[in-house]
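Following: one structure in structure tokens, then a few remarks.
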Amino acid sequence: MIGLTNVEKYYGDYHALRGITANIPEGEFFSLLGPSGCGKTTLLRAIAGFEHLSGGSLTIDGQDMSRIAPHRRPTNMVFQSYAIFPHLSVAENVGFGLRKRKDINRDARQRMVDEALDMVGLSGYGSRRAHALSGGQRQRVALARALILKPKVLLLDEPLSALDKKMREQMQAELRRLQRQIGITFVLVTHDQEEALIMSDRIAVMFDGQIAQMDAPQTLYRRPSTRRVAEFIGVMNFLPAARVGDEMFDVAGLGKAFIDRSQVMNGAGTDCVAGLRPETLSILFDGSDVPDHSFEGTITDRAYYGDMTYYDVVITPGTAPVTISMKNRAGRPILEPNTKATVAWDPRSLIIFGA
Amino acid sequence: MAAFDATARRGLLLVSPTFVYVLLLLAAPLATVFAFSFWTQDFLSIDYTVTLKNYQEAFSDPIYRTLLGRSLLIAGAVTTVTVILAFPIAYFVSFHVAPERKALWIFLITIPFWTSYLLRVFLWKVILGFNGVLNSSLIGVGLIDEPITLILYNANAVVITLAHAFAPFTILPIYVALERVDRSLLEAAQDLGETRVSTFFRVTLPLAMPGVIAAVLIVFIPTIGDYVTPRLVGGPDGLMIANMIQTQFLKLNNAPMGATLAVLSMCAVTLVSLVFLMLNRRYLKTS
């Protein structure tokens, strides 16, 4: 569907995109995730046609896009600012792109606008002006305006970043539902890893104009290929480790353990780093059996989130603490700082990175 | 004063100097002019009987109608020429000049207008004259054999001179309106299938309209009452209503008739301005 091959982009001396190669199949919800300045928006704008590539090729549906202007590409975009035309009504905004279609008469256009507004849950808002809408409603108008043209690809540039948390969660579910319903390719740019994990079929994590890893959300979270990706997505504890046998590793504070090859990332030598997600560690409360893999530590800090409690536990005094997240279940106490705790861990959820 | 709270009192105090100024130097003279228009000149004295005689005369004598019509026409032409010429300049500065150089450009645009208005009118006289800069250069390069007389001492000269005088005043409001146009709207229009040209007509121009209308009013209102330029470069065919008002007051010693003409030209300006303000409200409501 979308084929990116060795895509390069320079702004003067600044190298914004460095050899991006990716294939996005039809009907996929694809996300470009990365910190600001990583080139994700540049890449999206290049797909839309607003940026000329300095090198490499871009095809959509097998067709080379290098000489195709934005208004002739089979893509439509939802802008970060929504870009709702202030001088037009909601219906005129939604029907904006239909004006160019000579094959659609007034009645048909009106019907399509009504359908599109209905699809995004804004029936009856047609005659309103843009400034009379809330952020969430503007977002829906922008979405209806893009989808009414039945693009092959919908491009979304941080569409939810301006919404409050409740609204954002609602729109995430709605976008996902819409994408499944229409079945076209969505390319989403976001810096919010949670949003990318929730919505995408596949995520490309970008740093410094390059794709660091491109995988399904579960793979990305459970098997991040580099320490940087692991740090960017979710929280991860890093402990110094050493390879002591073929598949035996000695992790500081945790002891020796057998680690499967699939958990050892490229570049891990004799000296390496072990990564553990907070939820794969669990504090053993009184009365629990002590499993094979466990360690003793002291709680130094605690953050209560309602459904979860995050503990900072120092294993060896003088080293950095590890973070542990515990579900707050009925009958489970919230531990105070300066208490001793026994922590169980599982070698199967540990990842080894290069040092 | 008990009805006003502290904030209102402070507000009143702040506006009071301006208020007194407006009252004494705008409202009072205006009221006087208005009153005069209903009196009549009785040789050396003023007849204070209220009458519509001046208005009847103003409407029946074709000279006044011709002058007012010509003033409207010249002001309209100046406005059209100025706005049409100013728009591309404002557009260029807003869209094609690097952000850090915009202030410099605007500054440069205003430089020619640091010289006095009168000097600039005289300069145009030198440029457009029978043996002026324009004619002698055109003859010099052999484009014409005889000097063009179409460009001085007629309405054309008035239009050229006034259009030049008001150029920066139109560039600035249009520039400001264009600066406020969210650039992502232009990308959105292209994304939705519009070419660059059709994007201009469907998005940029409608959004710049408040600036264009402001520019129209800024030029139209003062030009219709201008009398320096027509007097200096207009010749007999380029005279405007303000010249007649001046003549009535100072030469014919008929202040009531001058006042009547002043009131009538004010009414004409008000009517035209109202039309544009109404147009503007349509655009202002949306932004």
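Residue numbers begin at 1 in each chain, while the letters A, B, ... track the order of the sequences. Atom set for the values below is all heavy atoms of this structure, side chains included, hydrogens, waters and symmetry mates excluded.
Taking a 6.0 Å sphere around CZ of B:Phe92, one finds it holds more than 12 heavy atoms contributed by other residues, nucleotides or ligands. For B:Phe200, the CZ atom counts as densely surrounded, since its 6.0 Å shell holds more than 12 non-hydrogen atoms of other residues, nucleotides or ligands. Residue B:Arg101 qualifies as open at atom CZ: its count of foreign heavy atoms under 6.0 Å is 12 or below. Crowding of B:Tyr227 atom OH: a count of heavy atoms from other residues, nucleotides or ligands under 6.0 Å not exceeding 12. Within 6.0 Å of atom CG in A:Asp103, more than 12 heavy atoms from other residues, nucleotides or ligands are found, so the atom counts as buried in its surroundings.
Considering every non-hydrogen atom in both A:Lys100 and B:Ser198, the closest pair reads NZ-OG, 3.4 Å. Counting all heavy atoms, side chain and backbone alike, A:Arg145 lies closest to B:Ala188 at NH2-CB, 3.7 Å.
Between the CZ atom of B:Arg202 and the CG atom of A:Leu88 there is a distance of 7.5 Å, given to the nearest 0.5 Å. Rounded to the nearest 0.5 Å, atoms CD (B:Glu194) and NE2 (A:His71) are 9.0 Å apart. Atom CZ of A:Phe79 sits about 9.0 Å away from atom CG of B:Leu185, to the nearest 0.5 Å. Interatomic distance, A:Ser81 OG to B:Arg183 CZ, rounded to the nearest 0.5 Å: 12.5 Å.
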Could you give the side-chain donor-acceptor pairs of residues 48-55 of chain A under 3.5 Å, partners two or more places apart or in another chain?
| from | atom 1 | to | atom 2 | distance (Å) |
| --- | --- | --- | --- | --- |
| A:Glu51 | OE1 | A:Tyr11 | OH | 3.1 |
| A:Glu51 | OE2 | A:Tyr11 | OH | 3.3 |
| A:Glu51 | OE2 | A:Arg45 | NE | 3.0 |
| A:Ser54 | OG | A:Tyr10 | N | 2.8 |

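Exactly one residue among B:Leu192, B:Asp182, B:Leu207 makes a side-chain contact (heavy atoms from CB on, under 4.5 Å) with A:Phe85. That residue is B:Leu192.
Residue A:Leu98 does not touch chain B at all, counting heavy-atom pairs closer than 4.5 Å.
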Test side chain to side chain contact (heavy atoms under 4.5 Å, CB included) on A:Phe96 and B:Asp191; report intermediate values, then the result. CA-CA 11 Å; A:Phe96 191 89; B:Asp191 189 65; over 6 Å; no

